[in-house]
Participant: 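Dropping the structure in here first, questions after.
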Amino acid sequence: QVQLVESGGGLVQAGGSLRLSCAASGRTFSSYAMGWFRQAPGKERDIVAAISWSGGNTYYADSVKGRFTISRDNAKNTVYLQMNSLKPEDTAVYYCAAALGRSYYPTSLRNDYAYWGQGTQVTVSS
């Protein structure tokens, strides 16, 4: 089992940047693919980005390609989401999640992620 704690959310103006972090407990962090999801009020929780257990492969939603970067440091049990050129439509609660498995590519399916953090609010003002 793994416990996840997100940090780094906040209020930023459009065009600005934020870096989210997700610290994981446990010794088996490298056995998990990691994902970032977001949920805006009244909307579904959707995938933003995912990274394989090794960090060698990533997935991005079309809406964030070229603006967001996911990375991980297995020695620190931490996954990051660097968000640049933020837009008001990026406003949401952002969740970190873990999916057990060492597949070559990270899964983008929400139901594959068994462990979730509590979420961190990101608000982008226009």
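Residue indices begin at 1 and follow the sequence shown. Given the structure is predicted, the values throughout are model-derived calculations rather than measurements.
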Participant: So which heavy atom on A40 is nearest to which on A92, and how close?
Facilitator: N-CB, 3.9 Å
Participant: If you define the side chain from C-beta out and look only at heavy atoms, does anything of D73 sit under 4.5 Å from Y80?
Facilitator: yes
Participant: Transitively linked via ILVMFWY side-chain contacts under 4.5 Å: V12 with V93?
Facilitator: no
Participant: Evaluate the criterion side chain to side chain contact (heavy atoms under 4.5 Å, CB included) for residue pair L4 and V2; output intermediate values, then yes/no.
Facilitator: CA-CA 7 Å; L4 305 171; V2 61; 3.9 Å; yes
Participant: Flag the pair C96 / W36 as yes when at least one side-chain heavy-atom distance between them is below 4.5 Å, and no otherwise.
Facilitator: yes
Participant: Could you state the interatomic distance from CZ (R72) to OG (S30), rounded to the nearest 0.5 Å?
Facilitator: 7.5 Å
Participant: Do K65 and Y59 have side chains that get closer than 4.5 Å, going by heavy atoms?
Facilitator: no
Participant: Is the shortest side-chain heavy-atom distance between Y60 and I70 below 4.5 Å?
Facilitator: yes
Participant: Report whether Y95 and V122 are members of the same hydrophobic cluster (ILVMFWY, side-chain heavy atoms less than 4.5 Å apart, transitive linking).
Facilitator: no
Participant: Assess whether side chain to side chain contact (heavy atoms under 4.5 Å, CB included) is satisfied between R38 and T120, documenting all intermediate values.
Facilitator: CA-CA 9 Å; R38 67 186 180 187; T120 186; over 6 Å; no
Participant: Can a donor-acceptor pair be found, under 3.5 Å and without considering hydrogens, that links the side chain of T78 to the backbone of K76?
Facilitator: yes
Participant: Where the side chain of S54 meets the backbone of G56, is there a donor-acceptor pair that is under 3.5 Å apart?
Facilitator: yes
Participant: Report the C-alpha separation of D90 and R67 in whole Å, then their side-chain angles, then the decisive distance to 0.1 Å, and conclude whether the salt bridge (Lys or Arg N to Asp or Glu O under 4.0 Å) test is met.
Facilitator: CA-CA 11 Å; D90 294 319; R67 300 189 297 123; 2.8 Å; yes
Participant: Listed by chain and number, what are the ring-ring contact (aromatic ring centres under 6.0 Å, His included) partners of Y113, not counting sequence neighbours?
Facilitator: F37
Participant: Identify the two heavy atoms, one from L81 and one from A49, that lie closest to each other, and give their separation to 0.1 Å.
Facilitator: CD1-CB, 4.1 Å
Participant: Would you indicate whether the side-chain heavy atoms of V79 and S71 approach each other to under 4.5 Å?
Facilitator: no
Participant: Taking all heavy atoms of S52 and all of P106, pick out the closest pair and write down the distance.
Facilitator: N-CB, 3.6 Å
Participant: Test of understanding: with salt bridge (charged side-chain N to carboxylate O under 4.0 Å, His left out), list the residues that count as partners of R102, not counting sequence neighbours.
Facilitator: none
Participant: Hydrogens and angles aside, do Q121 and T123 bring a side-chain donor and acceptor to less than 3.5 Å of each other?
Facilitator: yes
Participant: Determine all donor-acceptor pairs shorter than 3.5 Å in which one atom belongs to a side chain in residues 17-25; sequence neighbours excluded.
Facilitator:
| residue | atom | partner | partner atom | Å |
| --- | --- | --- | --- | --- |
| S17 | OG | N84 | OD1 | 2.9 |
| S25 | OG | Q3 | N | 3.0 |

Participant: Taking C-beta and beyond as the side chain, do W53 and M34 meet within less than 4.5 Å on heavy atoms?
Facilitator: no
Participant: Spell out, as yes or no, whether a donor-acceptor pair under 3.5 Å connects the side chain of T69 to the backbone of Q82.
Facilitator: no
Participant: Take Y115 and Y32, measure what side chain to side chain contact (heavy atoms under 4.5 Å, CB included) needs, and give me the verdict at the end.
Facilitator: CA-CA 10 Å; Y115 304 103; Y32 294 86; 3.8 Å; yes
Participant: So, does N74 use its side chain to make a donor-acceptor pair with the main chain of T28 at under 3.5 Å?
Facilitator: no
Participant: Would you check if there is a donor-acceptor pair between the side chains of T107 and D112 at a distance under 3.5 Å?
Facilitator: yes
Participant: Might you work through the side chain to side chain contact (heavy atoms under 4.5 Å, CB included) test for R45 and R110, ending with a clear yes or no?
Facilitator: CA-CA 8 Å; R45 187 176 299 187; R110 184 177 62 189; 3.7 Å; yes
Participant: Between E6 and G119, is there a donor-acceptor pair closer than 3.5 Å when you use the side chain of the first and the backbone of the second?
Facilitator: yes
